[in-house]
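Quick caveat, the model's predicted, so the values are computed rather than measured. Every chain is numbered from 1 and lettered A, B, ... according to where its sequence line falls, protein lines coming before strand lines.
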Amino acid sequence: MEDLGEIHQLIVPLFGHEMTFNLEPIIMTWIVIIILLIFGLLASRHKNIVPGPVQVIGELFINQFYDLSEDALDKDLGRKYAPLITALFMFLLFANWIGMLPHMHEPTKDLNTPLSLGIMGFVIAHYTGIREKGFKEYTKSYFEPIFFMMPLNLIGELAKVVSISFRLFGNIMGGSIIILVVSYLTLSLVLPPFLITFFVIFIGAIQAFVFTMLTLVYIAVQVN
Amino acid sequence: MAIEGTHLVQAAAFLGAGLSMGLGAIGPGVGEGLVGSKACEAIGKNPGEAGLLTRTMLVGQAVSESTGIYALVIALLLLFVV
């Protein structure tokens with residue numbers, strides 16, 4: 001209960017400035033990346049017409065998200081962006097589910113991870129918008145209904161990043177705090193497994209899916 | 001024990017956190033309920049599209065939940081930072 005608001009930080013002095021590293025999210029992100037690499041290796045090593053159990057799970061992810069992104073974007077662009085969408089979903093899913101294991105913390109519990117992923121989606125969406133429509137059309141879309149709506153459109157675009165990243169962060173952080181408080185009250189015996197089933201597995205999967213879908217929708221809004 | 005200014009500030013922060021969470025949870029509750037009821041009606045009319053409707057419903061609920069999440073973030077800031 002005492003370590004509720006505590007963050008392990010590594011502060012490195014660098015030419016009179018200070019660089020701050022949050023150690024826990026970095027280590028947990030690397031663990032998630034290693035798990036994903038092992039999963040990818042297992043899924044693609046013995047490729048066969050009759051798939052093995054890991055290959056089935058991999059094909060499930062690939063099929064679902066290729067279909068989703070081909071629905072949202074058109075056929076060519078969808079096939080181009082589907083690997084990004086699939087990778088984003090799988091990273092977020094494993095990052096949210098790693099909190100099931102004892103002594104593991106979700107990297108999405110730190111605001112830096114969702115915010116950087118949100119900014120990544122923002123940059124990709126606007127880059128795609130400029131490349132597909134051309135710079136003139138892209139700039140014109142800010143002055144859409146009438147001329148002086150430009151500040152509102154600009155703030156709306158920036159608010160998308162804040163809303164998408166704070167949604168993921170708040171859900172995961174709130175769930176883990178609820179689990180911590182209830183485990184403290186009930187001595188970690190009865191209720192926490194059910195709470196983990198709901199808050200970590202269900203909410204984690206939903207939020208990973210929502211983050212991915214919203215990134216896809218932002219790209220689709222910029223293209224059309 | 002004398003009550004000092006910092007105690008008052010902390011008490012106000014705790015009260016504010018409770019009020020923020022309680023008032024901020026009203027809107028998402030109503031919104032998610034509306035989304036769920038409409039999705040139930042739509043599935044009742046068109047059971048073949050249940051998968052698509054459920055997916056759309058979950059995304060809509062998660063979006064309408066975000067104001068509640070902002071209230072939660074504000075409450076956490078008031079509890080741990082102030």
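Both the backbone and the side chain of Val59(B) come within contact range of chain A, judged by heavy atoms closer than 4.5 Å. Looking at Leu79(B), neither its backbone nor its side chain comes within 4.5 Å of chain A, counting heavy atoms on both sides. Interface residue Leu68(A): only side-chain heavy atoms are found under 4.5 Å from chain B. For a residue to count as touching a neighbouring chain, one of its non-hydrogen atoms must lie under 4.5 Å from one of that chain's; by this rule Gln61(B) does not touch chain A. Heavy-atom distances place no part of Ile203(A) under 4.5 Å from chain B, backbone and side chain included.
In this structure, Lys160(A) satisfies the cation-pi test against Tyr218(A), with its NZ or CZ atom closer than 6.0 Å to the six-membered ring centre and inside 45 degrees of the ring normal.
Under the 3.5 Å distance criterion, the side-chain polar atoms of Asn171(A) are matched with a main-chain donor or acceptor of Arg167(A).
The aromatic rings of Phe169(A) and Phe166(A) stand perpendicular to each other, their planes meeting at an angle above 60°, with 30° marking the opposite boundary. Ring planes of His126(A) and Tyr142(A): parallel class, angle under 30° (limits at 30 and 60°).
Scanning all heavy atoms of the two residues, the minimum distance from Glu157(A) to Phe122(A) falls at O-CE1, 3.8 Å.
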